[in-house]
Structures are given as C-alpha cells and as structure tokens.
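As structure tokens, the structure follows; a few thoughts come after it.
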Protein chains: 4
Amino acid sequence: MPRVKQQFDAMRSATREKIITAGLQLFSTKGLAATSIQDIAGLAGISVGLTYHYYKSKEDLFTELVEMVVDSADESTQVLFNSDQSPAEKIKMFSKNVIDSIAESAAMSQYYLLMIHYVLVVDPSKKAVKIREKSFAPLESVKRTVIEGQELGEVKPGDPDEMIVLYFAAIQGLSISKLMMGNRFVLPSPDLLSGLLLDNPKRKSAALPIN
Amino acid sequence: MPRVKQQFDAMRSATREKIITAGLQLFSTKGLAATSIQDIAGLAGISVGLTYHYYKSKEDLFTELVEMVVDSADESTQVLFNSDQSPAEKIKMFSKNVIDSIAESAAMSQYYLLMIHYVLVVDPSKKAVKIREKSFAPLESVKRTVIEGQELGEVKPGDPDEMIVLYFAAIQGLSISKLMMGNRFVLPSPDLLSGLLLDNPKRKSAALPIN
Amino acid sequence: MPRVKQQFDAMRSATREKIITAGLQLFSTKGLAATSIQDIAGLAGISVGLTYHYYKSKEDLFTELVEMVVDSADESTQVLFNSDQSPAEKIKMFSKNVIDSIAESAAMSQYYLLMIHYVLVVDPSKKAVKIREKSFAPLESVKRTVIEGQELGEVKPGDPDEMIVLYFAAIQGLSISKLMMGNRFVLPSPDLLSGLLLDNPKRKSAALPIN
Amino acid sequence: MPRVKQQFDAMRSATREKIITAGLQLFSTKGLAATSIQDIAGLAGISVGLTYHYYKSKEDLFTELVEMVVDSADESTQVLFNSDQSPAEKIKMFSKNVIDSIAESAAMSQYYLLMIHYVLVVDPSKKAVKIREKSFAPLESVKRTVIEGQELGEVKPGDPDEMIVLYFAAIQGLSISKLMMGNRFVLPSPDLLSGLLLDNPKRKSAALPIN
DNA sequence: AATGAATGAGTGTTCATTCAT
DNA sequence: TATGAATGAACACTCATTCAT
C-alpha cells in the first residue's frame with residue numbers, strides 16, 4: 001500500500017497525470033513499439049523533453065503504467081473479496097462490477113491490452129516476474145471463493161482451476177472484443193457471466209414451482 | 001538454359017512457406033511494429049532482401065497473413081456448421097475442436113493475437129473492412145445455430161447476441177491466456193466451454209442415477 | 001526556463017539555410033536520385049536526422065528548392081519587365097543580367113539543372129503543375145516585350161514564340177554549358193545574346209562611319 | 001571507325017539492340033542513378049540476368065551508350081563539314097539538320113541529357129576524359145568553318161569561340177526544352193538558328209530593293 | 001519545470017550483382 | 001543464351017534520448 005500512496009503523490013502533478021493518461025491510451029492500443037514518446041508528449045500536450053523529466057525512458061513509463069493498472073486491479077478485487085458476503089454474492093458482485101466497468105470506461109480494455117503487450121513483448125526481468133505474479137492475484141481470490149462456494153453448494157461443481165481460467169478468459173475476451181468488434185459488440189448481462197460459476201438464478205426460479 | 005517454370009515455382013513455394021511460418025509466429029506475439037523484417041528473415045533462414053521479393057512491404061506481409069488466418073478460420077467453421085448434425089451436436093463439436101486446437105497448436109492463439117494487432121494498429125482501408133467482415137462469419141454461423149437450437153430446446157434460452165459474444169470472448173480469452181499465463185494455464189474441458197450455450201449434460205446424467 | 005521563441009527561430013533559420021545551400025548544390029548537379037540525404041547533411045555539416053526535422057522527405061526538400069528558385073526567377077524577371085524602359089532596353093538589360101549572373105554565380109546553372117531534374121524525374125502532381133506553370137512566367141514577360149518591341153520596330157521581325165523559345169534555349173544552354181564544358185567555356189557578350197531578338201547595335205554603328 | 005564497325009557487329013544481336021534502346025530512353029530521362037537494371041530489362045522485355053550477359057555493369061552500359069551517341073554525333077558532323085560546300089552552306093545545312101532532328105526524333109534530346117548526366121554524375125576517369133574530348137569535336141568543326149566563313153565575309157564578325165558556344169548552347173537548349181516544355185514548345189526555323197552565325201538571308205533580300 | 005533542436009542507432013526498402021540451372 | 005531467385009550493401013526515414021537554455 002505504500003506503493004499506492006506514492007502513486008497518488010505522483011499523481012498530484014498535473015503533468016504526470018497528463019502523461020499517464022496519454023500513455024495508457026496509446027500503449028494499450030498501439031503497444032510499446034508502435035507508440036513514440038513524441039506521440040505521448042503530443043497527446044499530453046507537453047514537450048518531449050518534459051516527458052523525460054518525469055520518466056527515465058519509454059520502457060520505464062510503460063512498466064510503471066502496467067504496474068499501476070495491476071495494482072489497481074488487485075486492490076479493487078481485494079476490497080470485494082475480503083468483504084463478508086457469501087461466495088455467490090461476491091461472485092455476482094464481481095461479475096456485475098466487471099460488466100459495468102467494461103460498459104462505462106476503457107479501463108478494463110486498457111488493462112488487458114496492456115498486459116498482452118507487456119507479457120508478450122517486454123523481456124522478462126525480476127520486476128516483470130513480480131508484476132506478473134501480482135496480476136494473478138485476482139484469479140487467486142476468485143479461486144478461493146469458488147472452492148469455498150462449492151463446499152457450500154453455491155458454486156457449480158467442477159475443477160476450480162478450469163473454471164476460473166474460463167471465467168477470466170471470458171472477461172479478458174469481452175474487454176478486448178469491446179474495442180475490436182465496434183458496433184457489433186453487445187455486452188452480456190452480469191448473470192450470463194456469473195453463470196459460468198454459479199447456477200443461473202433465473203433457471204432456479206423456473207424450478208421453484210415445486211417449492 | 002533457364003530453370004523450368006516448375007523449378008521456380010517450387011522454389012517460390014518453399015521460400016514463401018518459410019516466410020509465412022516465421023511471420024505468423026513473430027507478428028502474432030510481438031505485433032507489427034515490434035517485429036522487424038530482419039527478425040522474420042532470420043527466423044525464416046533467408047536474407048532480408050529476399051523477403052521483399054515475395055512481399056511488397058512489411059505491412060503487406062502482415063495483411064496477407066491476417067487474410068490467410070481469417071480465411072482459414074472461416075472455412076473450417078463453414079465445414080462444421082454446414083454439416084447435418086443437430087445444433088447441440090454442432091456446438092459440442094465446435095467447442096471440442098476449439099479446445100483441441102488450443103491444446104495442440106499455436107494456431108488459435110496466433111489467430112486472435114494477429115486480429116488484435118490488425119484491428120488496433122492497421123489503419124482501416126477498404127481491404128481492412130472486408131477482412132474484418134469476414135472475421136465475423138464464424139460468429140454468424142454460431143448465432144444461427146444458437147437460434148435454431150433454442151427453438152428446438154437444445155440451447156439455453158437467452159439473448160443470442162449476448163450469448164455468442166460471451167462464447168467467442170471466452171474462446172479468444174482462452175487462446176490468448178494460453179500464451180500469457182504460462183504454466184498457470186489449464187485448459188477447460190470442452191463441456192465447460194459448450195456449457196455457455198448448452199445445458200451441461202454431465203450434471204444431468206451424474207445427478208440422475210444416484211437419486 | 002526554456003529558450004525563448006526568438007532563439008529557436010534563429011536556430012531554425014540558420015540550419016535551414018545550411019540545408020538549402022547544400023541541397024541546391026548537390027541536387028542541381030547530381031539530381032534527386034543520385035544525391036543522398038547523407039551527402040546533403042554532410043555538406044551542410046549537420047546530422048542526417050536533423051534534416052528530417054526540417055523537411056518531411058528528400059523529395060519534399062527537392063520540391064521546396066525547386067519552388068524557391070522558380071519563385072526567385074519569376075520575381076526578379078517581374079521587376080525588370082514591369083519597369084518603364086523601352087522594350088529594347090528591357091531586353092538588353094535582361095540579357096546583360098543573365099550573362100552577368102552566369103558569370104558570377106552558380107544560380108542560373110542550378111536553376112536550369114534543377115528544372116531538368118524536376119520535370120523529368122518528379123511525377124506530376126497538382127503542385128508540380130503549378131510550379132511548372134510559374135516557370136514559364138519569364139518567357140511570357142519576354143514574349144510580351146518582344147511583340148511590343150516589334151510594333152515599335154525595336155525588335156527583329158519574326159514569330160515571337162519561335163524567337164523566345166530560341167532565346168531561352170540559348171540561356172539555358174549557356175547556363176548548363178558553363179558547368180559542363182569546364183575551361184572550354186567562354187561566355188558570350190550580352191550583345192551577342194540580345195542579338196537573337198535585337199539588331200546588333202555595334203554592327204550598325206561600326207558600319208556607318210566608314211560609308 | 002573500327003569502333004563504329006564493332007558497334008554494328010554488336011548491334012546485330014537483337015537482344016543488345018533492345019537493351020540499347022531501353023537504356024537510351026531510361027538513362028536519358030531519369031539519369032544513371034534513378035534507372036535500375038530491372039527497369040531496363042523490363043522495358044527491353046528480357047531478364048535481369050541476360051542484361052549482365054551483355055554488359056558488365058550498369059555503369060558500363062551507361063558509358064557505352066554515351067560513347068555510342070558521342071561517336072554518332074561526331075561522325076555525322078564530320079560528314080557534313082568535310083563536304084565541299086561553302087562555310088555558309090555548311091552552317092545552313094547543319095542548322096537545318098539539327099532542327100529536323102529535334103523535330104523528328106528523340107535522338108538529340110537523348111544526346112544532350114545523356115551528356116549532362118554523364119559529365120555531372122559519373123566520376124571522371126581516363127575513358128571519361130577521352131569521351132568528353134570527342135564530344136567537343138562538332139564544336140571544333142563548326143569553329144573552323146566559322147573562322148573560314150568570316151574571312152570570306154559569309155559569317156558574321158565576332159569572337160568565334162563566343163559564337164559557337166552560343167550556337168551550341170542554343171542547340172542544346174532547344175533539344176532539352178522540347179522535352180521539358182511539352183506543348184508550349186515551338187521549334188524555331190533553321191534560319192533563326194543559323195542566324196546566330198550568318199546574316200539573316202531574309203533581311204538581305206529586304207535590303208535588295210536598292211540593287 | 002520546460003522547451004525543442006540535435007544526434008545516432010536502428011529499421012524498412014531498393015537494387016546492382018551473382019549464381020544454379 | 002537465358003531465367004529469375006537470392007544476397008548484401010546502401011540509402012531513406014524514424015525515434016529514443018540528450019542537452020543548452
């Protein structure tokens with residue numbers, strides 16, 4: 001959490017904020033190689049030289065942005081999964097948040113695209129390994145909840161690993177498809193997504209007549 | 001006397017093959033900008049200049065590869081969905097093929113990564129629009145089958161558009177995750193994937209005998 | 001604090017000047033294709049990259065130089081032919097200026113060589129057409145003066161178009177021959193050149209006293 | 001003259017002839033650097049490799065073409081100026097031939113453009129010096145005739161060197177202008193050209209009323 | 001903190017030339 | 001004599017990075 005604090009201090013600089021916004025936008029769509037510092041400086045409305053006043057190198061900025069989004073994802077997931085709701089409620093809430101986030105902003109798309117560029121292009125260093133590890137934290141949180149939920153009968157049976165891989169694959173796919181499909185994209189309902197892990201609530205109600 | 005035409009054709013095919021293989025591998029992981037022609041030529045085991053004997057430009061090669069994988073995906077989907085199986089069987093078979101393909105080769109990963117790079121980086125031209133259109137053909141095939149299947153009661157109820165978007169998002173996510181997650185990746189069973197559209201057969205059969 | 005705008009402007013002007021001088025010299029003699037940007041940068045005493053800070057491309061620089069000399073030629077011709085001298089005086093003065101210019105600097109040679117390279121190599125665009133049109137302006141000025149002079153009896157009779165084509169052909173030929181002939185080149189007197197359009201004054205005066 | 005014989009032998013090869021024709025056309029307009037061997041082979045309708053069967057290198061072909069046109073110009077000039085006509089008649093005939101040649105074919109334009117490219121671009125070697133020397137032969141022929149004609153009173157008085165430089169400058173200028181000016185070009189009459197060296201015959205007849 | 005001119009290394013692309021057949 | 005695939009060096013152009021101010 002000192003890391004986050006530090007970021008917020010950094011953010012206090014309006015210039016840094018401009019660079020971050022421009023960098024996120026350009027790096028996530030075009031990737032590291034296809035984005036130039038002059039592009040970023042131009043979009044941020046500042047000079048090239050100033051960018052180097054804040055970031056040691058292009059790759060440095062890129063890495064910092066990846067770190068930032070990974071931290072942010074981790075943090076917001078933590079908050080939800082450390083709450084005292086039932087596993088099913090957590091999963092429903094998480095799914096709803098994800099769908100809402102995809103609907104409202106580019107943050108999710110940027111997160112996944114950035115990760116793709118990062119993992120596939122940037123050569124792995126110690127730092128890179130640490131960041132990658134952290135990027136799996138949300139999967140771990142959900143996995144624990146799935147196992148717990150299965151024990152309670154709230155979550156569908158099945159291999160938890162396979163289930164969360166598919167669940168997050170769907171989330172990643174949706175995030176990226178939103179950007180790629182243009183007006184052909186329709187956002188599934190949160191229930192459709194959470195249906196990957198939970199029994200469909202609608203179907204349950206359909207079964208209720210018996211009770 | 002000159003080489004006969006046949007000889008030249010054979011030479012051309014062999015070299016073209018090498019370039020295609022190398023290009024697919026490098027473009028799909030690193031993208032257009034981060035892949036140099038020298039990388040490709042090196043991996044293909046030929047000279048840089050020769051690459052330009054076969055492809056007018058780096059972007060030209062990139063586009064041709066994208067076209068190639070899109071055509072291939074379209075074609076293999078067509079074959080399956082034009083068969084005379086029931087909707088549920090088609091979906092099960094398609095899901096199985098997808099999972100097998102992800103398991104066995106890099107083709108699926110390459111397809112989706114290539115499309116991401118293509119859509120996000122290459123500026124849209126008439127050709128680009130045509131290619132994108134064709135890339136939606138598999139979705140349309142599945143959509144028709146879903147609707148048909150819903151009428152027969154073989155496919156889960158729900159908005160077909162939302163369902164196929166989620167279904168293909170999951171496929172895309174799995175394909176990419178396989179590359180990104182490394183040894184943390186576990187491949188879900190075909191039934192788990194087809195479960196997005198169909199009622200899970202195992203649960204039904206598993207639940208019945210006991211009770 | 002950053003350099004003030006004035007400082008940057010001064011830097012830009014100085015560098016631009018160097019590029020222009022080097023470019024004129026090299027392009028005019030060797031042409032577009034045989035002149036490399038490295039040649040130009042080297043002669044200008046700057047780096048290759050910097051050249052691209054000022055000109056988008058080699059052809060762009062070339063075109064700008066052509067435009068520059070065409071404008072300059074047009075302008076200096078205008079000044080003379082809009083003066084209030086008699087046609088014969090204008091033609092004498094123009095011929096003298098031309099001969100002096102060929103004698104003193106490389107400007108005339110550069111002008112004609114540049115135009116040759118431009119017309120024969122650069123593919124015709126809207127801009128190219130406009131530049132070519134402007135390059136005919138001096139011919140038009142002289143033509144008007146020739147016609148006027150013929151009416152006054154100051155200029156030799158004959159088809160004005162043929163006469164100015166021959167007159168300018170001679171000027172172009174002299175400009176280029178100066179560079180090509182080396183020490184075999186001797187510059188004709190202005191009267192010899194203007195003799196193409198005017199009756200030779202010397203002969204008249206030389207012939208009269210005796211008879 | 002053995003040289004010419006040799007060329008004719010060479011010409012006997014239809015392939016050589018194709019290369020020569022293509023080379024003359026491309027080199028004269030685009031110059032050495034901007035013309036590729038593949039261009040030439042393409043225009044000649046043969047393969048790249050075959051071109052190298054006939055000419056050691058691109059520059060070799062270029063030099064041979066220059067030599068060829070210089071020889072040809074020298075030879076045809078010799079024939080005329082070694083005839084037993086009067087100086088004025090020789091000059092009139094030469095001027096007429098020049099104007100006709102400009103009117104009818106591209107040979108004159110090709111000759112002068114080729115020479116410009118050759119002198120200004122190709123680095124001077126022993127061979128180059130010899131070729132350049134030969135290219136001045138026509139000037140020498142005309143110069144001798146001018147001096148002779150001045151002694152006979154057939155040619156205008158004046159510095160013979162200045163006069164022939166201007167005369168050939170005009171010829172060169174016309175040849176090149178024909179290509180450059182497009183439809184604005186009008187060919188002066190032979191008398192206008194020969195008027196640079198001879199008194200205008202028309203004007204003489206205008207003076208005749210007295211006799 | 002801020003600017004943008006300047007450099008140099010890297011990459012895309014062309015093309016003269018060679019070579020196996 | 002004839003072909004065109006293949007190479008490598010040269011050149012156009014871009015861009016991360018530095019620097020004087």
Side-chain angles (χ1 to χ4, degrees), chain A residues 13-16 32-41 46-61, chain B residues 1-12 14-16 33-41 46-61, chain C residues 1-5 7-12 14-16 33-41 45-61, chain D residues 13-16 32-41 46-61:
Chain A
S13 159
T15 302
R16 242 192 171 85
L32 177 62
T35 302
S36 74
I37 286 287
Q38 2 261 355
D39 283 347
I40 294 175
I46 63 173
S47 71
V48 169
L50 190 54
T51 312
Y52 279 88
H53 193 80
Y54 288 91
Y55 296 92
K56 202 167 84 266
S57 69
K58 187 171 82 157
E59 202 159 324
D60 200 56
L61 167 59
Chain B
M1 270 104 250
R3 275 181 234 244
V4 292
K5 195 163 179 305
Q6 218 173 10
Q7 282 173 301
F8 283 129
D9 283 350
M11 291 169 78
R12 288 188 74 82
T15 305
R16 220 173 250 274
T35 302
S36 74
I37 285 288
Q38 299 167 32
D39 288 344
I40 294 174
I46 62 174
S47 72
V48 169
L50 189 54
T51 313
Y52 284 90
H53 244 63
Y54 292 86
Y55 296 93
K56 208 169 75 265
S57 67
K58 189 171 81 157
E59 190 161 332
D60 201 57
L61 168 58
Chain C
M1 269 107 251
R3 275 182 235 244
V4 292
K5 193 161 182 306
Q7 282 173 302
F8 282 129
D9 284 351
M11 290 169 78
R12 288 189 75 83
T15 305
R16 220 172 251 273
T35 301
S36 75
I37 284 289
Q38 299 167 32
D39 287 344
I40 294 175
I46 62 174
S47 71
V48 169
L50 188 54
T51 312
Y52 284 91
H53 243 65
Y54 292 87
Y55 296 92
K56 207 168 76 266
S57 67
K58 188 171 82 157
E59 192 163 330
D60 200 57
L61 167 59
Chain D
S13 159
T15 303
R16 243 194 170 82
L32 177 62
T35 302
S36 74
I37 285 288
Q38 0 261 357
D39 283 347
I40 293 175
I46 63 173
S47 71
V48 170
L50 190 53
T51 311
Y52 278 89
H53 192 80
Y54 288 90
Y55 295 93
K56 203 169 81 266
S57 68
K58 186 170 83 156
E59 201 159 325
D60 201 56
L61 167 59

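Proteins get letters first, then strands, A, B, ... in listed order; numbering begins at 1 in each. Hydrogens, waters and symmetry mates are skipped; everything else that's a heavy atom, side chains included, is used.
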- Message: What's the closest nucleotide to the side chain of A:Val48 if the choices are F:dT18, F:dA16, E:dT3?
- Response: F:dT18
- Message: By nearest atom, which of the nucleotides E:dA6, F:dT3, E:dT3 is closest to the D:Ser47 side chain?
- Response: F:dT3
- Side-chain N or O of B:Arg12 closer than 4.0 Å to phosphate OP1/OP2 of F:dA5: yes
- Message: Could you tell me how far apart B:Lys58 (NZ) and E:dT13 (P) are, to the nearest whole angstrom?
- Response: 8 Å
- Message: When both hydrogen-bonding distances must be under 3.5 Å and the geometry is Watson-Crick or G-U wobble, what is E:dA20 paired with, if anything?
- Response: F:dT3
- Item | Given E:dA16, F:dT3, E:dT3, the nucleotide with the shortest approach to the side chain of D:Ser36 | E:dA16
- OP1 or OP2 of E:dA6 under 4.0 Å from side-chain N/O of C:His53: no
- Query: Are any of C:Tyr52's side-chain N or O atoms less than 4.0 Å away from OP1 or OP2 of F:dT14?
  - Reply: no
- At under 4.0 Å, does any side-chain N or O of D:Gln38 touch on OP1 or OP2 of E:dA16? yes
- What distance separates B:Tyr55 OH from B:Ile37 CD1, expressed to the nearest 0.5 Å? 10.5 Å
- Query: Do any side-chain nitrogens or oxygens of B:Tyr54 fall under 4.0 Å of OP1 or OP2 in F:dA6?
  - Reply: yes
- Item | Any B:Thr15 side-chain nitrogen or oxygen under 4.0 Å from OP1 or OP2 of F:dA6 | yes
- Task: Compare the minimum distances between each of F:dT3, E:dG4, F:dT17 and the side chain of B:Phe8, then state the nucleotide with the smallest one.
- Result: F:dT3
- For atom NZ of C:Lys5 and atom C1' of E:dA2, their distance in whole Å: 16 Å
